[in-house]
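Beneath this line is the structure, given in structure tokens, with notes to follow.
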Amino acid sequence: MADVVLKNVSKSYDKKNLIVDNISLEIKDKEFVILVGPSGCGKTTTLRMIAGLEQITAGKLYINGKCVNDLPPKDRDIAMVFQNYALYPHMNVFENMAFGLKLRKYEKKEIERRVMEAAEILELKNYLYHKPKELSGGQRQRVAVGRAIVRQPQVFLFDEPLSNLDAKLRVQMRAELSKLHKKLGVTMIYVTHDQVEAMTMGDRIAVMHKGKIQQFDTPLNIYNKPSNKFTAGFIGSPSMNFVESKLLKKDNGYFIDFLGAEIKLPNKFQNEKLEKYINQKIIVGIRPEDFIEPNFQQFNNNPKIKGIIEITEQMGAESYYYFRCNDKMIVVRTRHLSLKISEKIEVTLNLEKIHLFDGITEESI
């Protein structure tokens with residue numbers, strides 16, 4: 001298979017506004033990499049540049065060590081699975097999967113071997129002579145994947161392939177694509193706006209925003225050590241709570257003003273990196289699941305946050321409570337509290353889990 005390297009790649013349609021802004025990525029051979037971000041962040045454009053469907057305005061793209069900027073899509077040895085499946089309605093499943101091989105004039109026996117092999121992997125053998133209109137959404141998606149598999153390309157590209165499926169089928173297809181990656185042992189690059197897909201499927205995730213790579217790391221590192229406020233807020237559901245604060249220094253350490261409570265930072269924050277932020281505005285972040293309910297006695301000495309519940313979301317195994325504290329809406333995610341709208345809530349901060357961000361650049365401190 002192959003590695004894929006983007007060096008200072010940019011894309012502009014009008015020579016003024018950059019859709020993709022000077023991004024660099026090194027995707028390893030056999031790696032499953034997810035490009036994730038909100039609509040309009042440049043992730044699909046990046047994928048289409050790798051495929052050769054969009055010209056690169058600036059920078060270099062290498063596949064398996066070879067610069068492919070000027071190579072047409074058919075010569076890049078890649079296969080792309082589109083959001084809308086792009087199946088030919090007048091052809092059956094076998095013909096759809098075989099079509100690309102016929103264009104490349106493969107022998108009939110080789111075409112049949114490859115199609116049957118892919119159909120076996122994707123559990124499509126019983127549907128080879130069905131037309132697309134006779135298939136479910138998940139089956140059509142598998143046919144689109146099968147059409148890519150038979151090509152045996154160096155790199156697979158996926159452009160939001162599960163966005164048209166219902167919630168249950170999406171979960172099933174996520175698992176199937178992950179299994180397929182392990183079975184084929186190929187390089188896969190996958191675009192989505194769904195952070196759950198990104199967290200559950202990718203070896204590494206590239207978080208994009210406004211045409212730039214915000215962070216490129218493993219799912220757990222992105223979740224636990226976000227490099228900036230955008231990444232921290234985008235990854236995780238419900239989103240991380242952010243509170244503007246001020247950093248104070250006293251004889252016994254560093255403190256923050258958190259919703260009216262003066263809180264001493266734990267030992268992991270007691271270092272010289274904080275010196276330049278003394279008496280400056282910073283942003284404190286804490287995930288909804290990193291609050292602690294009052295029944296956990298060992299945390300009773302930690303600072304408490306109180307408020308009145310305004311919104312509840314009962315999710316079955318857990319609940320989300322949105323409450324107002326000092327005119328700031330805070331969300332808590334819990335399995336242990338059972339509360340209603342207008343009830344009082346009191347929770348404790350898990351200080352080891354808070355995040356600090358620069359008040360101006362929004363970069364992690």
Side-chain angles (χ1 to χ4, degrees), residues 4 6 11 13 19-20 23 25 27 32-56 73-74 76 78-91 93 95-97 99-100 118 121-122 124 127 130-151 153 155-181 184 186-202 205-211 213 234-235:
V4 177
L6 292 84
K11 175 65 181 178
Y13 292 103
I19 307 300
V20 175
I23 68 169
L25 281 175
I27 298 163
F32 197 148
V33 164
I34 310 280
L35 306 182
V36 67
S39 297
C41 71
K43 56 191 185 295
T44 293
T45 303
T46 300
L47 196 76
R48 289 174 64 83
M49 285 192 288
I50 295 170
L53 301 175
E54 296 280 0
Q55 268 196 318
I56 294 173
K74 66 183 179 66
R76 295 192 181 195
I78 53 93
M80 189 160 176
V81 179
F82 295 91
Q83 182 177 350
N84 61 359
Y85 318 142
L87 301 179
Y88 298 106
H90 62 288
M91 295 182 185
V93 169
E95 291 164 337
N96 264 286
M97 290 169 69
F99 185 70
I121 291 170
L122 296 165
L124 288 170
Y127 303 96
H130 288 57
K131 297 281 179 66
K133 68 181 179 182
E134 301 172 64
L135 304 176
S136 68
Q139 289 164 341
R140 289 180 202 172
Q141 186 60 72
R142 289 207 296 270
V143 175
V145 173
R147 189 172 53 190
I149 288 174
V150 298
R151 293 263 316 281
V155 182
F156 284 84
L157 307 177
F158 294 88
D159 185 14
E160 303 206 38
L162 308 185
S163 59
N164 292 333
L165 304 181
D166 62 57
K168 185 178 178 182
L169 199 50
R170 285 179 78 148
V171 173
Q172 182 185 331
M173 285 300 297
R174 283 205 305 263
E176 287 188 21
L177 286 175
S178 294
K179 279 197 301 185
L180 182 65
H181 174 248
L184 297 177
V186 294
T187 306
M188 289 186 174
I189 306 171
Y190 185 107
V191 159
T192 182
H193 63 271
D194 185 333
Q195 52 156 304
V196 176
E197 284 181 21
M199 291 294 290
T200 55
M201 294 171 69
I205 301 171
V207 181
M208 294 188 68
H209 181 49
K210 295 182 178 178
I213 301 288
F234 186 79
I235 299 292

Least distance between heavy atoms, Y85 atom then P161 atom: CE2-O, 4.1 Å
Partners meeting side-chain hydrogen bond (donor to acceptor under 3.5 Å, both in side chains) with E95 (sequence neighbours left out): none
Verdict with reasoning, V196 to R174, per side chain to side chain contact (heavy atoms under 4.5 Å, CB included): CA-CA 10 Å; V196 176; R174 283 205 305 263; 3.7 Å; yes
Residues in ring pair (Phe, Tyr, Trp, His ring centres under 6.0 Å) contact with H181, at least two apart in sequence or another chain: F32
Residue pairs involving residues 140-149 (criterion side-chain hydrogen bond (donor to acceptor under 3.5 Å, both in side chains); sequence neighbours excluded): none
Pairs meeting criterion salt bridge (charged side-chain N to carboxylate O under 4.0 Å, His left out) with involvement of residues 36-45, two or more places apart: none
Side-chain donor or acceptor of N96 paired with backbone N/O of M91 under 3.5 Å: yes
Derivation of the side chain to side chain contact (heavy atoms under 4.5 Å, CB included) call for L6 and I50: CA-CA 9 Å; L6 292 84; I50 295 170; 4.1 Å; yes
Donor-acceptor contact present, side-chain Q195 to main-chain F234, <3.5 Å: yes
More than 12 heavy atoms of other groups within 6.0 Å of Q55 CD: no
Which residues share a side-chain hydrogen bond (donor to acceptor under 3.5 Å, both in side chains) with Y127, sequence neighbours left out: Q139
Contacts of type side-chain hydrogen bond (donor to acceptor under 3.5 Å, both in side chains), residue D194, not counting sequence neighbours: R170
Pair E54-T45, side-chain donor/acceptor within less than 3.5 Å: no
